[in-house]
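Taking it in order: structure first as structure tokens, then the write-up.
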Amino acid sequence: MRKILNTILLACFALAAFVSCSKEDVKYYDAIPSQSKALVRVAPEAKDRGVAALELFMGDGVIADESGVDFSVPVYLFAAPDGSLGVCAKVEDDAKVDDMLEALAKSGKASQPKEIKVCKYAVVNKNFLVAYNENALVAVGPVLAAEESKIAKRLLKYLECDAERGIGSADIFKDIETNKSPISLIASVSVMPKKLVVPFLIGAPTGTNTDDVVLKAEVNVADSVLTLKGKTTSNNLLVSQGIDNAMKKLASGNSEEIIHVMEANKDLQPMLNKGGFREKLQKVEGRMLITQNDNDVDVETLQDGDDNTLMKVVLNLKSLDKEVLNLFEPFLGGISRIEYEVR
């Protein structure tokens with residue numbers, strides 16, 4: 001009798017656990033690993049960019065209203081701990097996701113979905129892997145054919161949406177959710193292409209680990225220009241103090257003080273000593289505008305921008321070759337340059 005009673009009690013506990021973990025309790029964004037080094041939040045009001053984020057992985061053929069994806073909540077791009085780029089979206093109707101992948105498979109743009117437990121996955125757009133269940137869709141890539149099985153298992157683990165391992169408990173997620181702009185970014189400088197790194201290190205001590213410097217910015221796209229408006233920060237007290245001090249110098253508009261700040265970091269000296277940059281900087285009156293064209297870097301006085309802009313950096317996309325930050329790819333159609341406004 002006691003055995004039967006214990007069995008009944010265990011069944012009740014199991015049922016209670018199942019009910020408590022209903023679909024409403026699962027946070028789709030917890031399919032993103034908590035140790036991710038970068039996160040882009042694409043809000044519902046930027047739906048076209050959210051669709052573009054999915055198309056980056058799945059190729060053409062993502063029809064928003066027929067995709068099974070819920071675009072009434074944010075779509076997230078992320079840089080996973082292993083350096084791969086990923087996208088995460090909420091699933092509204094997994095049957096429609098099935099239909100979308102079936103259509104892609106018939107057109108030769110995807111493999112036939114495979115099912116493991118309550119999840120499905122497929123290779124899409126030649127070398128990207130997408131996995132989904134009734135709660136979330138997550139895709140990463142590029143993925144080598146030899147690693148397909150290993151990456152698929154990793155994605156299925158992501159889809160457990162474990163609150164302890166997911167991004168929802170991480171500071172990077174809590175921070176980005178406070179930014180209500182249509183597209184916002186928080187990224188470790190370590191995921192940036194080398195040609196983009198230097199402006200983000202102004203004020204940081206020599207030899208600073210780029211993982212210790214984080215960019216927080218709003219992302220805007222207009223008139224063929226992708227604009228980042230934000231600032232760098234750090235949880236490392238020494239690095240944070242250096243950056244804060246540099247921002248005060250930038251705000252003062254004193255070119256000699258700005259030169260001293262840049263001289264303090266040996267990583268910035270190649271730029272400072274190249275092509276008369278130092279001499280041009282000495283002539284700057286007020287805020288500075290740094291422009292990069294191919295391997296040439298120029299500096300002059302910033303004439304436009306609002307009072308909150310401490311410095312502006314302009315990078316022509318052709319000068320970035322193939323190093324353009326992957327996280328920006330969904331926003332780069334027709335874009336001719338990137339502008340970074342330091343706030």
For Met100 and Glu66: C-alpha separation, side-chain torsions, deciding distance, then whether side chain to side chain contact (heavy atoms under 4.5 Å, CB included) applies. CA-CA 8 Å; Met100 177 175 63; Glu66 300 175 13; over 6 Å; no

Start with the C-alpha gap between Leu144 and Asn127, add the side-chain angles, then the distance that decides, and say whether side chain to side chain contact (heavy atoms under 4.5 Å, CB included) holds. CA-CA 7 Å; Leu144 299 175; Asn127 56 356; over 6 Å; no

Quick one: do Ile172 and Ile176 satisfy side chain to side chain contact (heavy atoms under 4.5 Å, CB included)? Show the steps, please. CA-CA 6 Å; Ile172 187 174; Ile176 208 165; 5.7 Å; no

Worked verdict on Leu101 versus Lys120 for side chain to side chain contact (heavy atoms under 4.5 Å, CB included): CA-CA 10 Å; Leu101 283 171; Lys120 295 179 182 179; over 6 Å; no

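Note: Glu45 CD to Ser181 OG = 8.5 Å, rounded to the nearest 0.5 Å. Remark: Asp298 CG to Gln292 CD distance equals 11.5 Å, nearest 0.5 Å. The distance from the OH atom of Tyr132 to the CG atom of Asp98 is 3.5 Å, given to the nearest 0.5 Å. In this structure, Asp99 CG and Asp94 CG are separated by 10.0 Å, a value rounded to the nearest 0.5 Å. Leu289 contributes atom CG, which lies 7.0 Å from atom NZ of Lys312 (distance to the nearest 0.5 angstrom). In this structure, the separation between CD on Gln269 and OG1 on Thr206 is 7.0 Å, given to the nearest 0.5 Å.
The side-chain hydrogen bond (donor to acceptor under 3.5 Å, both in side chains) with Lys216 is formed by just one residue from the set Asn179, Thr232, Asp175; it is Asp175. Partner of Asn245 under the side chain to side chain contact (heavy atoms under 4.5 Å, CB included) criterion, chosen from Lys249, Met247, Gln241: Lys249.
Taking 4.5 Å as the limit, every side-chain heavy atom of Lys229 sits out of range of all side-chain heavy atoms of Asn308. Using a 4.5 Å cut-off on side-chain heavy atoms (C-beta onward), Phe277 and Ile290 make contact. Taking 4.5 Å as the limit, every side-chain heavy atom of Leu302 sits out of range of all side-chain heavy atoms of Met311. Considering only heavy atoms from C-beta on, Ile258 comes within 4.5 Å of Met288 through its side chain. Annotation: side chain of Val118 is not in contact with side chain of Glu134 (no heavy-atom distance under 4.5 Å). Residues Arg287 and Leu250 have side chains not in contact (no heavy-atom distance under 4.5 Å, counting atoms from C-beta outward). For the pair Phe173 and Ile186, the minimum side-chain heavy-atom distance is 4.5 Å or more. Side-chain contact between Tyr28 and Val138 is absent, with no heavy atoms from C-beta onward closer than 4.5 Å.
Aromatic ring orientation, Phe78 versus Tyr158: perpendicular (interplanar angle above 60°, classes split at 30° and 60°). Ring geometry for Tyr29 versus Tyr76: interplanar angle over 60°, hence perpendicular rather than tilted (30 to 60°).
A donor-acceptor pair shorter than 3.5 Å cannot be found between the side chains of Asp212 and Ser234. Looking only at atom types and distance, the side chain of Asn220 has no donor-acceptor partner in the side chain of Thr227 under 3.5 Å away.
Across Ser190 and Ser188, no two heavy atoms sit closer than the pair OG-OG, 2.7 Å. The minimum heavy-atom distance linking Val42 with Gly50 is given by the pair CG1-N, 3.5 Å. Between Leu129 and Ala152, the shortest heavy-atom contact is CD2-N, 3.4 Å. Considering all non-hydrogen atoms of both residues, Val314 and Glu339 come closest at CG2-CG, 3.9 Å. Of all heavy-atom pairs spanning Cys161 and Ala136, the tightest one is SG-CB, 4.4 Å. Across all non-hydrogen atoms, the minimal contact from Ser169 to Asp30 is N-OD1, 4.5 Å.
Between Arg154 and Asp82, at least one side-chain nitrogen of the basic residue sits less than 4.0 Å from a carboxylate oxygen of the acidic one, meeting the salt-bridge criterion. The existence of a salt bridge linking Lys90 and Glu92 is excluded, since no basic side-chain nitrogen approaches an acidic carboxylate oxygen closer than 4.0 Å. Salt-bridge annotation for Arg343 and Glu218: absent, with no side-chain N of the basic residue lying under 4.0 Å from a carboxylate O of the acidic one. With respect to the salt-bridge test (charged N to carboxylate O, under 4.0 angstrom), the residues Glu160 and Lys157 qualify.
Val213 and Met271 fall within a single hydrophobic cluster, where Ile, Leu, Val, Met, Phe, Trp and Tyr are joined by side-chain heavy atoms under 4.5 Å apart, directly or via other members. Side-chain heavy atoms closer than 4.5 Å link hydrophobic residues (I, L, V, M, F, W, Y) into clusters, and following such links, possibly through other members, connects Tyr340 to Ile338. At a threshold of 4.5 Å between side-chain heavy atoms, the hydrophobic network of Ile, Leu, Val, Met, Phe, Trp and Tyr places Ile151 and Ile116 in one connected group.
Glu263 CD: more than 12 foreign heavy atoms inside a 6.0 Å radius. Surrounding NZ of Lys117 are at most 12 heavy atoms belonging to other residues, nucleotides or ligands under 6.0 Å away. Heavy atoms from other residues, nucleotides or ligands lying under 6.0 Å from NZ of Lys231 number 12 at most. More than 12 heavy-atom neighbours from other residues, nucleotides or ligands sit within 6.0 angstrom of CD on Glu279. Counted within 6.0 Å of CD on Gln282, heavy atoms from surrounding residues, nucleotides or ligands total more than 12; the atom is thus considered enclosed.
Between the Thr301 side chain and the Glu285 main chain, a donor and an acceptor come within less than 3.5 Å of each other. Checking side-chain atoms of Thr309 against main-chain N and O of Glu341 turns up no donor-acceptor pair under 3.5 Å. Between the Asn125 side chain and the Phe128 main chain, no donor and acceptor come within less than 3.5 Å of each other. Remark: side-chain polar atoms of Asn265 are paired, donor with acceptor, to backbone N or O of Ala204 under 3.5 angstrom. With hydrogens and angles ignored, the 3.5 Å screen pairs no side-chain donor or acceptor of Lys109 with any backbone N or O of Lys106.
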